[in-house]
Amino acid sequence: MQILFLKKNFIESNFINKFSLNNKDSGAIFSFIGKARPKNQSNTILSIDIELYEKMALVQIKKIINKLMKKYLIDDYLVIHRYGKVKPGENIVLIVVAAKHRKESFRFGEGLMDWLKVKATFWKKENFADGSQWVNQKKTDKEFIDFNL
Amino acid sequence: MQILFLKKNFIESNFINKFSLNNKDSGAIFSFIGKARPKNQSNTILSIDIELYEKMALVQIKKIINKLMKKYLIDDYLVIHRYGKVKPGENIVLIVVAAKHRKESFRFGEGLMDWLKVKATFWKKENFADGSQWVNQKKTDKEFIDFNL
Amino acid sequence: MKILYFAKLKQLVGKSEETIIIQKKKKISQVINELKKRNEVYNFAFKETNSLQYAVNCEYVDLDCFVTDNDELAIFPPVSGG
Amino acid sequence: MKILYFAKLKQLVGKSEETIIIQKKKKISQVINELKKRNEVYNFAFKETNSLQYAVNCEYVDLDCFVTDNDELAIFPPVSGG
């Protein structure tokens, strides 16, 4: 039951391994890693700056988790999100969920990512060789929230 | 693009870490670990014997993957399944999927697990202190295939 | 033709594989009826043919499928991996 | 009342936070109208108020929401984490 905001790159496997060992009795461990991509269409991304409104991100992610925990029976979760400067290939987000049954772990993990994308107060700016650009919220993510509110 | 059947326990994080590094350009890495549970209802499970019809399991898993790859755009996958004697808490199955977008990695990974449960030729026998019992296919898994055939 | 048995069926039949001779072709249901006539062990093992699954050369088939002497027939209870 | 700006809006306004005085209570839309009157920088930054998001004390609200002097108002473009 942990939410971490990290400034430095992290090795996902250390966290997944420890999480899995801590939840030996859970039959299902779901995990999702979101990584910084090297290109935006044809533009090479040199780095991504992630801005964070920490206090609100924590409030919002806890709210999402409370809501999902009422719907799906899970044993444990871990959420890690980077902020600051991120290089292509590095991890941005890691979600790990332990449950007795795989379907609950899938629904919880996927729902957490869907809501995190539209509620957690992070903003990405992509830096190119010739300038930089704030990342817009994805249309499909926006549609998800319009549909589910 | 790897399918492994392992007799010995494996550390999932080693595989996930290597897989993630090999797919630096994929924005989304999905993974699912299925572990041996310590109890069946109130009966303590001492170990699980997993029987494998290897040739057919490989044929069937490849078929599932080919079908899913026509529906979902993914970059890479890894499937590991144990056979032989497994102790509670040890990993039985690991699925890792790399894709450009998270939704494709989720749909592919979840579909792969759903089909694997009803098509891959593995059989589990749970060993208790006072005997052993073959595991029946779950009703929900059976319903999935009846609905999707 | 090679016949493979797995899991509980293997325990009931008491062996993991055997070879029978198929002249030309035969339906799987017919193969099983002939096995059941051998003795009580086979008769009991194949009591509920509808709760078993059948594969010819690694592909799922049903009881109506024909097999020839070169095929590999596998018979087993529903799988329970993952 | 503390106002926080994030991401592109922070760049446009040229600061990450500032404090204004609210007597009794005011709608957020009214707060923004007053900011826009200050100068061209604010006027431009808040040109499209519908494409911005608003939060009071870490909860999402809309432009009709009232704020008081003890609140923390945050204004930002739609989030893009994950």
Side-chain angles (χ1 to χ4, degrees), chain A residues 10-40 44-45 48 75 87-114 116-117 124 138 140-141 144, chain B residues 10-40 44-45 48 75 87-114 116-117 124 138 140-141 144:
Chain A
F10 62 93
I11 310 297
E12 64 280 356
S13 50
N14 295 345
F15 287 98
I16 296 173
N17 194 29
K18 201 173 155 224
F19 184 90
S20 181
L21 286 173
N22 284 343
N23 292 283
K24 267 193 168 304
D25 294 0
S26 306
I29 308 283
F30 161 102
S31 81
F32 175 76
I33 306 161
K35 294 195 291 181
R37 267 173 281 176
K39 277 180 188 294
N40 176 341
T44 299
I45 297 168
I48 298 176
D75 297 329
K87 293 199 202 83
E90 289 184 357
N91 301 326
I92 292 179
V93 64
L94 170 67
I95 282 179
V96 197
V97 182
K100 295 274 173 293
H101 303 287
R102 76 181 191 282
K103 288 290 176 183
E104 312 241 17
S105 76
F106 289 163
R107 290 290 80 74
F108 188 97
E110 187 171 358
L112 182 45
M113 273 308 297
D114 287 340
L116 187 146
K117 283 267 180 188
K124 284 191 276 213
K138 264 197 210 160
T140 46
D141 291 332
F144 164 81
Chain B
F10 61 93
I11 309 296
E12 64 280 356
S13 50
N14 295 345
F15 287 98
I16 297 172
N17 194 29
K18 202 174 155 223
F19 184 92
S20 181
L21 286 172
N22 284 345
N23 292 284
K24 267 192 167 305
D25 294 0
S26 305
I29 309 283
F30 162 101
S31 81
F32 175 76
I33 306 161
K35 295 195 289 181
R37 267 173 280 177
K39 277 179 188 296
N40 178 342
T44 299
I45 298 168
I48 297 176
D75 297 328
K87 292 198 202 84
E90 288 185 0
N91 301 325
I92 291 178
V93 62
L94 171 67
I95 282 179
V96 198
V97 182
K100 297 273 173 293
H101 303 287
R102 78 181 190 282
K103 287 290 176 184
E104 313 242 17
S105 76
F106 289 162
R107 292 289 79 74
F108 187 97
E110 188 172 358
L112 182 45
M113 274 308 298
D114 287 340
L116 187 145
K117 283 265 178 188
K124 284 190 276 211
K138 263 197 209 160
T140 47
D141 291 334
F144 164 81

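To find a chain, count down the sequence lines: A is the first, B the second, and so on, and within it residues start at 1.
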Is Ser105(A) in contact with chain B via its backbone, its side chain, both, or neither, using a 4.5 Å heavy-atom distance?
side chain
Phe106(A) versus chain B, heavy atoms under 4.5 Å apart: side chain, backbone, both or neither?
side chain
Checking heavy atoms, do the side chain of Lys39(A), its backbone, both or neither come under 4.5 Å from chain B?
neither
Portion of Phe32(B) that has a non-hydrogen atom of chain A nearer than 4.5 angstrom
both
Name the option with the most non-hydrogen atom pairs under 4.5 Å to chain A; the candidates are Ser20(B), Ser26(B), Gly89(B).
Ser20(B)
Could you tell me if the side chain of Val96(A) sits less than 4.5 Å from the side chain of Glu12(A), heavy atoms only?
no
At a heavy-atom distance under 4.5 Å, which candidate from Val93(A), Asp25(A), Ile16(A) has the highest pair count against chain B?
Asp25(A)
For the interface with chain A, which of Gly27(B), Ala28(B), Pro38(B) has the highest count of heavy-atom pairs at distances below 4.5 Å?
Gly27(B)
Pair Asp114(A) + Arg107(A), salt bridge at N-O below 4.0 Å:
no
Part of Ala36(A) within contact of chain B (heavy atom distance under 4.5 Å):
backbone
Rounded distance [0.5 Å steps], OG in Ser13(B) versus NZ in Lys18(B):
13.5 Å
Options Gly109(A), Ser31(A), Pro88(A), Gly34(A), ranked by heavy-atom pairs under 4.5 Å with chain B, top entry
Ser31(A)
Working to the nearest 0.5 Å, report the span between NZ of Lys138(B) and NZ of Lys117(B).
5.0 Å
For the residue pair Phe15(B) and Phe10(B), categorise the inter-ring angle as parallel (less than 30°), tilted (30 to 60°) or perpendicular (more than 60°).
perpendicular
Are the charged groups of Lys103(A) and Glu110(B) less than 4.0 angstrom apart, N to O?
yes
Which bit of Lys87(A) is near chain B, if near means a heavy-atom gap under 4.5 Å: side chain, backbone, both or neither?
neither
Would you confirm whether Asn23(A), through its side chain, and Phe19(A), through its main-chain N or O, come within 3.5 Å as a donor-acceptor pair?
yes
Portion of Ile11(A) that has a non-hydrogen atom of chain B nearer than 4.5 angstrom
side chain
Side chains of Lys124(B) and Ile92(B): does their closest heavy-atom pair fall under 4.5 Å?
yes
